[in-house]
Amino acid sequence: MASLVRHVTIDCADAYRLAQFWLQVLDGKLGDDDHPGDPEVLVESAGVSLLFIEVPEGKTVKNRLHLDLQPQDRSRDEEVERLLALGATVLEDHRTADGRGWVTMTDTDGNEFCVERSAAERAATA
């Protein structure tokens with residue numbers, strides 16, 4: 001049997017604070033023993049589990065790996081607005097006039113991620 005990805009680990013300045021952001025993004029839950037001030041915090045969700053680990057050095061360059069989010073119950077544009085309200089920022093907007101494309105955003109720690117079109121939006125333009 002091949003290996004399975006247990007979770008994606010993300011280095012950060014404040015594990016609990018960043019986990020709180022992603023907890024809301026993914027509608028997930030914290031690990032049972034994770035609390036403010038912990039140097040490692042796990043966010044479990046239906047799609048993927050994210051483990052946030054505090055490191056002393058700050059982020060200096062573009063991520064070599066990033067998450068692509070696909071909204072489940074709203075449009076891409078509605079999800080972008082929701083994420084902005086949670087504290088994310090738009091880094092690059094790749095939306096096109098025909099409704100395709102994606103938006104590259106950063107989380108509250110500056111890590112890049114993308115918001116793609118929902119499955120319903122993709123089906124409507126197929």
Visitor: Any salt bridge (charged side-chain N to carboxylate O under 4.0 Å, His left out) involving residues 110-125? Give me the pairs, sequence neighbours left out, ordered by first then second residue.
Guide: Lys59-Glu112, Glu116-Arg122
Visitor: Determine, for Glu79 against Arg76, whether the closest basic-nitrogen to carboxylate-oxygen distance falls under 4.0 angstrom.
Guide: no
Visitor: Which heavy-atom pair separates Pro71 from Ser118 by the least distance, and what is that distance?
Guide: O-CB, 3.4 Å
Visitor: Mind running side-chain contact (heavy atoms from CB on, under 4.5 Å) on Asp93 and Val80 for me, showing each step along the way?
Guide: CA-CA 10 Å; Asp93 193 331; Val80 167; over 6 Å; no
Visitor: Going only through I, L, V, M, F, W and Y residues with side-chain contacts under 4.5 Å, is there a path from Val55 to Ile10?
Guide: no
Visitor: Report yes or no: does Asp34 contribute a side-chain atom to a donor-acceptor pair with the main-chain N or O of Leu42 at less than 3.5 Å?
Guide: yes
Visitor: Nearest 0.5 Å, please: how far is CG in Leu91 from NZ in Lys62?
Guide: 9.0 Å
Visitor: Quick check: is Val48 connected to Val115 through a chain of hydrophobic side chains (ILVMFWY, heavy atoms under 4.5 Å apart)?
Guide: yes
Visitor: Verify side-chain contact (heavy atoms from CB on, under 4.5 Å) between Val41 and Tyr16, making sure each step is shown before the conclusion.
Guide: CA-CA 6 Å; Val41 179; Tyr16 192 81; 4.1 Å; yes
Visitor: Is there a path of hydrophobic side-chain contacts, each under 4.5 Å between heavy atoms, that joins Leu67 and Leu65?
Guide: yes
Visitor: What's the separation between atom CG in Asp14 and atom OG1 in Thr108, rounded to the nearest 0.5 Å?
Guide: 8.5 Å
Visitor: If you take all heavy atoms of Ala15 and Cys12, which pair is closest and at what distance?
Guide: CA-SG, 3.5 Å
Visitor: For Asp77, which residues count as a salt bridge (Lys or Arg N to Asp or Glu O under 4.0 Å) partner, sequence neighbours excluded?
Guide: Arg95
Visitor: Are the side chains of Asp109 and Arg17 in touch, meaning some heavy atoms are under 4.5 Å apart?
Guide: yes
Visitor: Quick one: which residue pairs count as a side chain to side chain donor-acceptor pair (under 3.5 Å) with a foot in residues 39-56, not counting sequence neighbours?
Guide: Lys29-Glu44
Visitor: Between Glu92 and Val90 (side chain of the first, backbone of the second, donor and acceptor by atom type, cut-off under 3.5 Å), is there such a pair?
Guide: no
Visitor: Can you get from Leu23 to Leu51 by hopping between Ile, Leu, Val, Met, Phe, Trp and Tyr side chains that sit under 4.5 Å apart?
Guide: no
Visitor: May I ask you to decide if Val25's main-chain N or O and Arg82's side chain share a donor-acceptor pair within less than 3.5 Å?
Guide: yes
Visitor: As a quick check of understanding, evaluate side-chain contact (heavy atoms from CB on, under 4.5 Å) for Thr9 and His7, giving each step before the final call.
Guide: CA-CA 6 Å; Thr9 302; His7 49 252; 3.4 Å; yes
Visitor: Which value, rounded to the nearest 0.5 Å, describes the distance between Leu30 atom CG and Trp22 atom CH2?
Guide: 14.5 Å
Visitor: May I ask you to decide if the ring planes of Phe113 and Phe21 are parallel, tilted or perpendicular, using 30° and 60° as cut-offs?
Guide: tilted
Visitor: Going through the distances and angles, do Val103 and Leu83 end up as a side-chain contact (heavy atoms from CB on, under 4.5 Å)?
Guide: CA-CA 11 Å; Val103 178; Leu83 298 174; over 6 Å; no
Visitor: Are side-chain heavy atoms of Leu18 and Asn111 found at a separation under 4.5 Å?
Guide: yes
Visitor: Is the number of heavy atoms from other residues, nucleotides or ligands under 6.0 Å of Asp68 CG greater than 12?
Guide: yes
